[in-house]
Protein chains: 2
Amino acid sequence: MSLFLAHGFEAVTLDAIAAAADISRRTFFHYFDSKEDILLAWESEAETAFFVAIADEPEGRTPLETVRDGLSKVVCRYETDQAMGIDRLLRSTEGLRARKQGNYERKEQALFAHLIARWPNPERRRDLRLTAMLAIGALRLAAEEWSADGGQRPLIAYLNETFAGLGSGPHAGFGVNKPEDGITPGGNKT
Amino acid sequence: MSLFLAHGFEAVTLDAIAAAADISRRTFFHYFDSKEDILLAWESEAETAFFVAIADEPEGRTPLETVRDGLSKVVCRYETDQAMGIDRLLRSTEGLRARKQGNYERKEQALFAHLIARWPNPERRRDLRLTAMLAIGALRLAAEEWSADGGQRPLIAYLNETFAGLGSGPHAGFGVNKPEDGITPGGNKT
DNA sequence: GAAGTTATATGCACTTAGTGCAATATTGCA
DNA sequence: TGCAATATTGCACTAAGTGCATATAACTTC
């Protein structure tokens, strides 16, 4: 990690990593499947904590509320300096950016599976799939904004705002005619 | 593409591709940045059509409605046999799955930029970011379900259902107490 | 049509990620 | 100590991707 932070992800070869870790190049691949996995493995530790948290959430709430509250209790884990450094590296190359998004999708699928186990009613299946998308999407947007702001305010603040926006925002009244509410559209096309 | 469909993505080497295309291996890299780009470049053609479509949408509707209607008019482009084959290939390796998700994120950002240009009111910025996330998320879920069903029903049917679910679904009444509405949670974890 | 100029195609050598296999070192245990 | 399981290593190999110099095609201008 310190090598990556110092010289960038691509500039550090596997030979350098192996040398710094005092292992052979070949042994490295017994611990990680790829160079990219070094960054990705880091993140997956917080994932189990997340699922434990939502499992511990009380019943009697909607799935999205449950996930939101569970998320709120674990997001602080992402707020370390390490996490910010990793996040910066994950945005440094196209392959890593893609891997990061792929990880979000994995999380989404895993969350969906958890939600189905907790609310097994088949009629709700589609709602739960949407819930998983919304929750992970909200987490992703919150982390994005937090990172863009340089982490000045705590991550949980962004998360709360994002979820609040989900409740009162763009699709509250979706399907209902609520045209523009006084805001002049300023498109430049046509 | 036919080589990939016949033997799988990883089994086809660049030498084979270059030979089949009657060009040298080196020349290949003047047309594509990587082997993966062959699959990804395909998809980007439909992307411009999408943005033209939402630009042509009439004013006076909410951003999410505008994007939904624009999307409805171009999703049929994804419904070719080619697209289904590509989609299958994109799920065949971890790297490609990640690249696909990364592409969705790129689309989301591009859509966000379009929405900002059309509704430049700064107060709406966060809503527009959410709108972009919801719209691309809905597209992603619709395509996922369509693909899982083997493309029996038309893609637009899944898209309509997904957007309808967004309006009446998991977060309609988010924040309002609407506990379980008679559905017994059947979690297996405590 | 010849000369020159630009863009495209190619060959070659090279770096690096990643894998398979067999050999070696290390650890744990009876 | 002896043995078995596991971890580590070296080596040879494949394949992706890059830099550079060169050749070939295409296009312009006189």
Side-chain angles (χ1 to χ4, degrees), chain A residues 1-45 47-48 82 85-106, chain B residues 1-45 47-48 82 85-106:
Chain A
M1 279 301 307
S2 53
L3 287 176
F4 286 153
L5 291 170
H7 311 111
F9 182 76
E10 298 198 289
V12 179
T13 68
L14 281 176
D15 290 291
I17 295 169
D22 260 320
I23 57 176
S24 76
R25 217 178 74 87
R26 194 64 189 77
T27 303
F28 168 86
F29 285 104
H30 289 158
Y31 289 90
F32 298 95
D33 286 339
S34 72
K35 196 177 161 188
E36 296 180 340
D37 267 19
I38 303 172
L39 283 313
L40 269 33
W42 217 276
E43 201 176 346
S44 70
E45 294 174 17
E47 203 166 319
T48 49
Q82 282 283 6
I86 293 173
D87 204 66
R88 189 163 55 81
L89 286 169
L90 284 177
R91 265 177 283 115
S92 66
T93 76
E94 191 55 40
L96 286 173
R97 291 199 327 117
R99 278 311 238 273
K100 181 183 171 183
Q101 297 307 319
N103 247 18
Y104 275 121
E105 203 260 357
R106 274 199 328 100
Chain B
M1 280 302 306
S2 53
L3 286 176
F4 286 153
L5 292 170
H7 310 112
F9 181 77
E10 298 197 290
V12 179
T13 68
L14 281 177
D15 290 290
I17 296 169
D22 261 317
I23 57 176
S24 76
R25 217 178 75 86
R26 194 65 189 78
T27 302
F28 168 86
F29 286 104
H30 289 159
Y31 289 89
F32 298 94
D33 285 339
S34 72
K35 195 176 160 188
E36 297 181 340
D37 267 19
I38 303 173
L39 283 312
L40 270 32
W42 217 276
E43 201 175 344
S44 69
E45 294 173 16
E47 203 165 320
T48 49
Q82 282 283 6
I86 293 173
D87 203 66
R88 189 163 56 81
L89 286 169
L90 284 177
R91 267 179 281 114
S92 66
T93 76
E94 191 55 40
L96 286 173
R97 291 198 328 115
R99 278 310 240 270
K100 182 184 172 184
Q101 298 307 317
N103 246 20
Y104 275 121
E105 204 259 357
R106 273 198 331 98

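In what follows, chains carry the letters A, B, and so on, assigned in the order in which the sequence lines appear, proteins first and then strands, with residues in each chain numbered from 1. As a basis for the values below, the full set of heavy atoms in this structure was taken, side chains included, without hydrogen atoms, waters or symmetry mates. Everything numeric in this text was worked out from a predicted model, so none of it was measured.
Interface limits on DNA chain C: the 5'-most and 3'-most nucleotides within less than 4.0 Å of chain A heavy atoms are C:dT16 to C:dC21.
Screening residues 10-29 of chain B for side-chain hydrogen bond (donor to acceptor under 3.5 Å, both in side chains), with sequence neighbours left out, gives B:Ser24-B:Thr27.
Counting only heavy atoms from C-beta outward, the side chains of A:Glu47 and A:Asn103 never approach each other to under 4.5 Å. Residues A:Leu96 and A:Glu36 meet the side-chain proximity criterion, which asks for heavy atoms closer than 4.5 Å. Contact annotation: the side chain of B:Ile17 approaches that of B:Phe4 to within less than 4.5 Å [non-hydrogen atoms, C-beta and beyond].
DNA chain D is contacted by no residue of residues 91-99 of chain B, taking any non-hydrogen atom closer than 4.0 Å.
A distance of 3.5 Å separates CZ of B:Phe28 from CD1 of B:Ile38, quoted to the nearest 0.5 Å. Within the model, atoms CG of B:Leu90 and CH2 of B:Trp42 stand 12.0 Å from one another, a figure rounded to the nearest 0.5 Å. Atom OG1 of residue A:Thr93 and atom CZ of residue A:Arg99 lie 10.0 Å apart, to the nearest 0.5 angstrom.
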Practice task
Using a 4.0 Å heavy-atom cut-off, write out nucleotides 13-21 of chain D from 5' to 3' as B (base contacted by protein), S (sugar-phosphate only) or - (no contact).
Solution key: --SSBBBB-
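Closest approach of A:Ser92 to A:Phe9, counting heavy atoms only: OG-CB, 4.2 Å.
Taking the side chain to side chain donor-acceptor pair (under 3.5 Å) definition, one finds that B:Asp87 meets it with B:Arg91, B:Lys100, B:Ser147, sequence neighbours left out. For A:Arg97, the salt bridge (charged side-chain N to carboxylate O under 4.0 Å, His left out) criterion is met by A:Glu94, B:Glu105, not counting sequence neighbours.
Backbone-only engagement by B:Tyr31 is indicated by non-hydrogen atom pairs under 4.0 Å involving sugar-phosphate atoms exclusively.
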